[in-house]
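Here it is, the structure in full.
In what follows, chains carry the letters A, B, and so on, assigned in the order in which the sequence lines appear, proteins first and then strands, with residues in each chain numbered from 1.
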Number of protein chains: 2
Amino acid sequence: MGKDDMNIGAAAAASGVSAKMIRHYEQIGLIPPATRSAVGYRHYDAAGIHTLTFIRRARDLGFPLEEIRQLLALWRDRQRPSADVKAVALRHVAALEAKAEALRAMSRTLQALAEHCHGDSRPDCPILDELAGS
Amino acid sequence: MGKDDMNIGAAAAASGVSAKMIRHYEQIGLIPPATRSAVGYRHYDAAGIHTLTFIRRARDLGFPLEEIRQLLALWRDRQRPSADVKAVALRHVAALEAKAEALRAMSRTLQALAEHCHGDSRPDCPILDELAGS
DNA sequence: GCTTCACCTTCCCATGATAGGAAGGTCAAG
DNA sequence: CTTGACCTTCCTATCATGGGAAGGTGAAGC
């Protein structure tokens, strides 16, 4: 099977996107419908694999699918202003930072409580006290 | 309506857990079925409100419902070893840190790429280059 | 040629926590 | 006795992903 005639399993292996997800991305219109063999098997060429790999990398950076949709459109538009790409990226950076900070805040609070918990066989515990409203 | 005779709306307002979620928590067995009035309205007493508030505080710290289930059991058990509570808490701290670090790693990568993007009307953009595999 | 196994197809269901909404019944204030 | 705010249950959605069933297909070995 050459690089220009891969079925969905090979495309999944080559791109790192599961076959299940490839079908899903097609269904929601993130990627165009794949060409089909006579009996209905999806086939992918090098360009299709490239798109899937792009999507996987964007997912690895935590982009939601709707933003990936925008990035794909920008990618395909050779006249795009790089400012548009940067705007999408920085918006996502802000979202990532906000989420991370929220998690860190929770972690800090909980760590502070845990530090004051004996952690032995005694029942009294400031963690439960806090949750119960002291 | 006294503190010991609240319907679900008042219980939601008092605990900070939405009425929708209170019903859901009952349905999945996180809280026991509420007592009902003659026509089927749920009623909550001070203890019920206290439990709901406990759950909300635990949710605010990012605990998943299954861990909240464990925390509630420990809370109710006056003989619990505080070590058990601490173990649940520290496991969750580790999970929070792992998630936060994953997000921060994404953010760092993306920020580095964005720094090298002109962000003007020119089309060339290292962010897209990276996603496309350089 | 025929079996066999790995693969493909579609369709439905599940996750985790939450919200929205429809249809219908109830309570309390005016 | 009306009206509006509340309650009930049930269904649907989110977001990205996976599991599995039922049935058809491809290619390799014999």
Is the shortest distance from a Lys or Arg side-chain nitrogen in A:Arg108 or B:Glu97 to a carboxylate oxygen in the other one below 4.0 Å?
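No.
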
Salt-bridge test for B:Arg59 and B:Glu67: reply yes if a basic N is under 4.0 Å from a carboxylate O, no otherwise.
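Here B:Arg59 does not pair with B:Glu67 in a salt bridge, since their nearest N and O are not under 4.0 Å apart.
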
For nucleotides 5-19 of chain C, just jot down a letter per nucleotide in 5' to 3' order: B, S or -, based on protein non-hydrogen atoms under 4.0 Å.
--BSBB------SBS

Lys/Arg-Asp/Glu bridge criterion (N-O < 4.0 Å) met for B:Arg23, B:Glu26
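No, this pair does not count.
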
Find every protein N or O atom lying less than 3.5 Å from an N or O atom of nucleotides 28-30 of chain C, and list the pairs.
none

Got a salt bridge between A:Arg122 and A:Asp120, using NZ or NE/NH1/NH2 to carboxylate O under 4.0 Å?
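Yes.
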
Polar side chain donor-acceptor pair, A:His118 to A:Asp124, under 3.5 angstrom:
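Note: A:His118 and A:Asp124 side chains meet the donor-acceptor criterion.
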
Could you tell me how far apart A:His43 (NE2) and D:dT25 (P) are, to the nearest whole angstrom?
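It works out to 13 Å between those atoms.
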
Give me the one residue out of B:Val88, B:Leu90, B:Asp84 that meets side chain to side chain contact (heavy atoms under 4.5 Å, CB included) with B:Lys86.
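That would be B:Leu90; it is the only one of B:Val88, B:Leu90, B:Asp84 passing the side chain to side chain contact (heavy atoms under 4.5 Å, CB included) with B:Lys86.
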
Do we see a donor-acceptor contact under 3.5 Å between the side chains of A:Asp5 and A:His43?
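The criterion, which ignores hydrogens and geometry beyond distance, is satisfied for A:His43 and A:Asp5.
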
A:Ile31 CD1 to D:dA16 P, straight-line distance once rounded to whole Å:
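About 15 Å, once rounded to whole Å.
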
Donor-acceptor contact present, side-chain A:Arg80 to main-chain B:Pro123, <3.5 Å
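Yes.
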
